[in-house]
Amino acid sequence: MSTDPTTTPDGLVTGDDGLARPVWAASDAMLREYYDTEWGMPVRDERGVFERLSLEAFQSGLSWRTILAKRPAFRAAFADFDPDVVAAFGDDDVERLMADAGIVRNRAKIRATITNATATIALRDDGGLADLVWSFRPEVTPAPRTIAEVPTTSDESVALSKALRKRGFVFVGPTTMHALMEALGIVDTHLVGSHRRGSSGVWG
């Protein structure tokens with residue numbers, strides 16, 4: 001017999017499965033699945049990091065749910081985020097993407113994705129995108145107990161932003177890079193009382 005979800009003072013919601021999640025991941029089935037299975041789990045391959053970097057850039061100014069719902073269309077439009085393919089996109093591809101209602105049709109962000117694909121390829125001679133991004137893992141991870149304690153930037157995300165800009169990346173501001181670090185598991189910002197806290201294996 002299920003019970004109604006209840007919200008605790010720290011901003012967690014205990015669902016009818018008895019598991020505690022933050023409010024943003026508690027009421028929507030798609031977000032709940034993403035939170036339970038993907039968000040904060042380690043991603044260390046080039047294509048995986050490039051995809052998430054690209055989607056975080058598209059998310060700027062929008063809700064993550066919007067991006068997540070469009071992710072299959074994004075993958076189809078951007079060749080499953082293969083940097084070699086995306087880097088070769090030309091003006092015709094930009095116009096194709098601008099006409100694709102399945103994605104976010106923002107010309108600057110589309111061109112940024114192409115630019116970042118080229119920058120990703122260039123990084124292969126120096127360890128690669130994944131190694132560079134993961135090199136900014138902090139010595140300790142935040143341990144927020146409430147939503148209000150979850151940081152939106154950090155010294156490491158500021159430094160990562162600067163490092164990527166030097167390498168030719170765009171749309172990689174400190175807030176966007178902090179969200180990327182959360183998504184990749186580089187930091188663990190699951191609330192202390194969440195059932196997902198510590199589940200990545202990165203932080204014990």
Side-chain angles (χ1 to χ4, degrees), residues 31 33-60 62 64-89 97 103-104 106 108-139 141-142 151-190 196 199-203:
L31 288 174
E33 174 71 11
Y34 174 70
Y35 181 81
D36 282 354
T37 63
E38 283 190 64
W39 190 65
M41 296 304 291
V43 177
R44 299 180 184 269
D45 64 292
E46 179 189 79
R47 189 180 297 197
V49 174
F50 174 62
E51 175 183 317
R52 284 157 181 80
L53 184 150
S54 301
L55 293 179
E56 292 292 350
F58 272 103
Q59 188 270 332
S60 179
L62 302 170
W64 177 246
R65 193 196 186 287
T66 296
I67 301 303
L68 191 60
K70 292 177 177 288
R71 184 167 63 172
F74 271 113
R75 287 174 170 170
F78 285 95
D80 283 329
F81 291 96
D82 182 333
D84 293 290
V85 177
V86 176
F89 281 4
L97 293 165
I103 67 169
V104 174
N106 180 298
K109 292 177 180 179
I110 289 169
R111 289 198 175 278
T113 305
I114 300 170
T115 295
N116 290 345
T118 300
T120 296
I121 293 170
L123 269 177
R124 290 173 182 166
D125 291 332
D126 193 20
L129 176 62
D131 282 356
L132 175 63
V133 172
W134 274 88
S135 73
F136 288 88
R137 176 186 166 187
E139 292 186 6
T141 189
T152 56
T153 61
S154 65
D155 290 344
E156 291 79 15
S157 76
V158 171
L160 173 58
S161 174
K162 291 179 179 178
L164 288 173
R165 289 181 192 277
K166 283 186 177 180
R167 297 287 190 158
F169 288 81
V170 292
F171 275 84
V172 288
T175 301
T176 300
M177 289 306 92
H178 191 268
L180 176 69
M181 295 170 79
E182 292 177 302
L184 297 177
I186 296 173
V187 294
D188 184 351
T189 57
H190 290 289
R196 294 280 282 112
S199 61
S200 71
V202 174
W203 294 100

Quick one: salt bridge (charged side-chain N to carboxylate O under 4.0 Å, His left out) pairs with a partner in residues 155-182, sequence neighbours left out?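 Every pair satisfying salt bridge (charged side-chain N to carboxylate O under 4.0 Å, His left out) with a residue in residues 155-182: Asp126-Arg167.
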Euclidean distance, [Y] [atom2] relative to [X] [atom1], rounded to 0.5 Å:
{"X": "Ile110", "Y": "Ser54", "atom1": "CD1", "atom2": "OG", "value": "11.5 Å"}
{"X": "Leu180", "Y": "Arg52", "atom1": "CG", "atom2": "CZ", "value": "9.0 Å"}
{"X": "Met177", "Y": "Phe171", "atom1": "CE", "atom2": "CZ", "value": "11.5 Å"}

Output side-chain donor-acceptor pairs under 3.5 Å for residues 67-79, partner residues at least two apart or in another chain, one line each.
residue: Lys70; atom: NZ; partner: Ala101; partner atom: O; Å: 3.4
residue: Arg71; atom: NH1; partner: Glu38; partner atom: OE1; Å: 2.9
residue: Arg71; atom: NH2; partner: Glu38; partner atom: OE2; Å: 2.7
residue: Arg75; atom: NE; partner: Glu51; partner atom: OE1; Å: 3.3
residue: Arg75; atom: NE; partner: Glu51; partner atom: OE2; Å: 3.1
residue: Arg75; atom: NH2; partner: Glu51; partner atom: OE2; Å: 2.9

Please examine the side chains of [Y] and [X], heavy atoms only from C-beta on, and report whether any two atoms are closer than 4.5 Å.
{"X": "Leu160", "Y": "Leu164", "answer": "yes"}
{"X": "Ile186", "Y": "Pro138", "answer": "yes"}
{"X": "Trp64", "Y": "Leu55", "answer": "yes"}

Is the backbone N or O of Val172 less than 3.5 Å from a side-chain atom of Ser161, with the two atoms forming a donor-acceptor pair by type?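 Checked: pair present.
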Between Thr153 and Thr175 (side chain of the first, backbone of the second, donor and acceptor by atom type, cut-off under 3.5 Å), is there such a pair?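 No; judged by distance alone, with no hydrogens or angles, the pair does not exist.
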Test side-chain contact (heavy atoms from CB on, under 4.5 Å) on Leu129 and Phe50; report intermediate values, then the result. CA-CA 8 Å; Leu129 176 62; Phe50 174 62; 4.1 Å; yes
If you look at every heavy atom in [X] and [Y], which pair is closest and at what distance?
{"X": "Gly185", "Y": "Trp203", "value": "O-NE1, 3.8 Å"}
{"X": "Pro174", "Y": "Ser157", "value": "O-OG, 3.1 Å"}
{"X": "Ser200", "Y": "Met41", "value": "CA-SD, 3.8 Å"}
{"X": "Arg124", "Y": "Pro83", "value": "NH2-CB, 4.1 Å"}
{"X": "Val85", "Y": "Phe89", "value": "O-CD1, 3.4 Å"}

Worked verdict on Val202 versus Asp188 for side-chain contact (heavy atoms from CB on, under 4.5 Å): CA-CA 8 Å; Val202 174; Asp188 184 351; over 6 Å; no
Please name all residues satisfying salt bridge (Lys or Arg N to Asp or Glu O under 4.0 Å) with Asp82, sequence neighbours left out, ordered by chain then number.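 Once residues adjacent in sequence are excluded, the partners of Asp82 under the salt bridge (Lys or Arg N to Asp or Glu O under 4.0 Å) criterion are Arg47.
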Check salt bridge (Lys or Arg N to Asp or Glu O under 4.0 Å) between Asp36 and all other residues, then give those that pass, not counting sequence neighbours.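 Applying salt bridge (Lys or Arg N to Asp or Glu O under 4.0 Å) to Asp36 gives Arg21.
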All ring pair (Phe, Tyr, Trp, His ring centres under 6.0 Å) counterparts of His190, not counting sequence neighbours: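 Once residues adjacent in sequence are excluded, the partners of His190 under the ring pair (Phe, Tyr, Trp, His ring centres under 6.0 Å) criterion are Tyr35, Trp39.
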List the steps and the verdict of side-chain contact (heavy atoms from CB on, under 4.5 Å) for Leu132 and Phe169. CA-CA 12 Å; Leu132 175 63; Phe169 288 81; 5.5 Å; no
Which residue pairs pass the side-chain hydrogen bond (donor to acceptor under 3.5 Å, both in side chains) test with at least one member in residues 108-122, sequence neighbours excluded?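 Counting only pairs at least two positions apart or across chains, the side-chain hydrogen bond (donor to acceptor under 3.5 Å, both in side chains) contacts touching residues 108-122 are Asp91-Arg111.
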